[in-house]
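Let me begin by presenting the structure, written as C-alpha cells, before commenting on it.
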2 protein chains.
Amino acid sequence: MVTRTDAPTRREQILQEAARLFAERGFHGVGVDEIGAAVGISGPGLYRHFAGKDAMLAELLVGISGQLMTGGKRRVAEAQHGPVALLDSLIEGHIDFALDDRDLITLHDRELDRLRDSDRKLVRQLQRQYVELWVECVRKVYPELAEPHARVAVHAVFGLLNSTPHLSRPSSLPGRAATAALLHKLARGAFAAAAAQDAPE
Amino acid sequence: MVTRTDAPTRREQILQEAARLFAERGFHGVGVDEIGAAVGISGPGLYRHFAGKDAMLAELLVGISGQLMTGGKRRVAEAQHGPVALLDSLIEGHIDFALDDRDLITLHDRELDRLRDSDRKLVRQLQRQYVELWVECVRKVYPELAEPHARVAVHAVFGLLNSTPHLSRPSSLPGRAATAALLHKLARGAFAAAAAQDAPE
DNA sequence: TGAATACGTTAATGACCGTTAACCTGCTGG
DNA sequence: CCAGCAGGTTAACGGTCATTAACGTATTCA
C-alpha cells in the first residue's frame with residue numbers, strides 16, 4: 001500500500017466531501033452550495049476545479065470502478081499460489097475497499113444511472129470486467145459450477161461484501177479486523193455452498 | 001398466498017408505477033408529471049390520491065418493511081419443524097420478495113433517507129424487528145455464533161439476497177426457480193461458514 | 001331532478017438550484 | 001514591477017418542479 005504523507009489537494013478534498021454527501025442524501029439531494037460549504041468555499045467556487053456537478057460524480061464513479069478493476073488485475077497478475085489463494089486475495093481486496101470506502105461503495109451501485117451515457121458505459125464496462133475476473137477465478141476453484149451460476153454467485157457475494165454501509169454506524173461492530181474475517185468466511189462459505197452438489201433430502 | 005382477481009385501484013396503479021420510476025431514476029430524479037403520465041393522468045391529478053410526492057414514497061417504504069415484517073412473523077408463528085426449517089422458510093420468503101418485487105427491494109435500501117423523520121423512524125423500527133427475527137432464528141440454528149457476529153451475518157445475507165436487482169435484466173439468468181435455489185444455497189452456506197470454527201492453517 | 005362527490009384538466013405560483021458573469025486578490029516568475 | 005494566473009467572491013439568469021387554484025364533467029343517490 002502506498003501511504004501518502006502530503007496533504008490532499010483541494011480537488012481531492014472536494015471529491016471526498018462530495019462522495020460523503022452524495023452517499024448520504026443522493027446526487028440530486030445535494031446542492032453545489034453544500035458541497036462548497038463542506039470544503040470551506042462557496043457554491044460557484046467549485047467550478048474552478050470541476051466542469052460541473054455531473055463531472056464530480058463521473059470522476060468518483062469512474063475512479064471507483066477503475067480502482068477495483070486495477071486492484072483485481074494486479075492480484076490476478078501476482079497470483080502464484082493457485083486459484084484458491086487468488087480467490088482469497090480478491091475477497092480480501094474487496095473487503096478492504098468496502099470497509100474503508102463505504103461512501104464510494106454506496107455511490108457505486110446507487111448513482112450509476114445519473115451519469116452521462118459515455119461515462120456510464122465506461123463504468124459498466126469496468127464493472128463487467130471486474131466481475132469476469134472473479135467469475136474466471138471462481139470457476140477455477142469450483143470447476144463443477146456452471147458459468148451462469150458462477151456469475152449470479154459473484155454478484156450475490158458482492159452484495160454480501162457491500163452490505164457494510166447498511167450496518168448502523170460503526171457501533172457495536174465486532175471491530176474492523178473481526179468484521180473483515182467474518183465477511184471473508186461468509187463469502188467463502190457462499191461460494192462453497194454454490195458449488196456443492198444438492199444435498200439429499 | 002392470496003391471489004387477487006379484481007383490478008388494481010388507481011391508487012395501486014400509481015404506487016406501482018412510482019415504485020418503478022423511483023427505482024430507475026431515484027426519488028429526486030422523477031417528476032410528478034412523469035408519474036402521472038405513467039398511469040395516464042397528468043401531474044397534479046395525483047393529488048386527488050396522495051398528499052404529495054413524499055407521501056407516495058412513504059407509503060411504499062412503510063408498506064415494504066411492513067410486508068417483510070408481517071411475512072417474517074407469520075413464518076415464525078407457523079414454525080413447527082424446528083429452527084432449521086424456520087431459517088429455510090425465512091430465506092425462501094425473502095428470496096420470493098427479492099425476485100418478485102425488485103423495484104421495492106431497490107427502494108428499500110436506497111431512498112430511506114428521503115423520508116420525513118417520523119416515517120423514517122417507523123421504517124427503521126420495522127427493519128430492526130425484521131433483523132431481530134432473523135438473528136434469533138440464526139442463533140438457534142448456530143448457538144456457537146456470537147450475537148454481534150450473527151447480526152453482521154444477517155445483514156450480509158440480506159445484501160446477498162437483495163443482489164438480484166443488480167443483475168443485468170432477466171437475461172441469461174438460470175431461470176427463476178434455479179436462481180431462487182442458488183440464492184438459497186448461497187445464503188445457507190454463508191451462515192454455515194460463519195458458524196464454523198476457524199479452519200486450521 | 002339536482003346536488004354532492006370523485007376524478008380530471010390547465011394555468012399560475014414560488015422555491016430551489018445549476019450555471020454563468022463580472023469582479024477581486026494575492027502570488028509568482030520574467 | 002507588473003503581467004498573468006489560480007482561486008476565490010457575490011449577483012443574476014433560467015430552467016425545473018412540487019404544489020395550489022380554479023375550473024369542468026360524469027356518476028351516484030336521495
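Every chain is numbered from 1 and lettered A, B, ... according to where its sequence line falls, protein lines coming before strand lines. Here the structure is a predicted model, which is why all the values come from computation and not from measurement.
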Rounded to whole angstrom units, what separation is found between the [atom1] atom of [X] and the [atom2] atom of [N]?
X: B:Asp54; N: D:dT19; atom1: CG; atom2: C1'; value: 11 Å
X: A:Phe50; N: D:dG7; atom1: CZ; atom2: P; value: 12 Å
X: B:Tyr47; N: D:dA21; atom1: OH; atom2: P; value: 12 Å
X: B:Leu21; N: D:dC17; atom1: CG; atom2: P; value: 13 Å
X: A:His28; N: C:dA15; atom1: NE2; atom2: C1'; value: 18 Å
X: B:Ile35; N: D:dC17; atom1: CD1; atom2: P; value: 11 Å
X: A:Arg116; N: C:dG18; atom1: CZ; atom2: P; value: 18 Å
X: A:Asp33; N: D:dT10; atom1: CG; atom2: P; value: 10 Å

Before accepting this row, confirm whether a basic side-chain N of the pair B:Glu24/B:Arg20 lies closer than 4.0 Å to the acidic partner's carboxylate O.
-> yes

Sidechain N-carboxylate O distance under 4.0 Å for A:Glu132, A:Arg128 |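 Salt bridge: no.
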
Using a 4.5 Å cut-off on heavy atoms from C-beta on, say whether the side chain of A:Arg139 contacts that of A:Val135.
->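 In contact.
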
Output all residues satisfying salt bridge (Lys or Arg N to Asp or Glu O under 4.0 Å) with A:Asp119, sequence neighbours left out; order by chain, then residue number.
->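 A:Asp119 satisfies salt bridge (Lys or Arg N to Asp or Glu O under 4.0 Å) with A:Arg116 only.
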
Counting heavy atoms not belonging to A:Gln16, are there more than 12 under 6.0 Å from its CD?
-> no

Anything under 3.5 Å between a protein N or O and an N or O of nucleotides 5-9 of chain C, put it in a table, one pair a line.
unit_1	atom_1	unit_2	atom_2	d
C:dG8	OP1	B:Arg10	NH1	2.6
C:dG8	OP2	B:His49	NE2	2.7
C:dG8	N7	B:Arg48	NE	3.0
C:dG8	O6	B:Arg48	NH2	2.2
C:dT9	OP1	B:Ser42	N	3.3
C:dT9	OP2	B:Ser42	N	2.9
C:dT9	OP2	B:Ser42	O	3.4

Taking the six-membered ring for Trp, are B:His94 and B:Tyr130 parallel (under 30°), tilted (30 to 60°) or perpendicular (over 60°)?
->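 Geometry flag for B:Tyr130 against B:His94: parallel rings.
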
Under 4.0 angstrom, heavy atoms only, what part of the nucleic acid is B:Val30 near: base, sugar-phosphate, or nothing?
-> sugar-phosphate

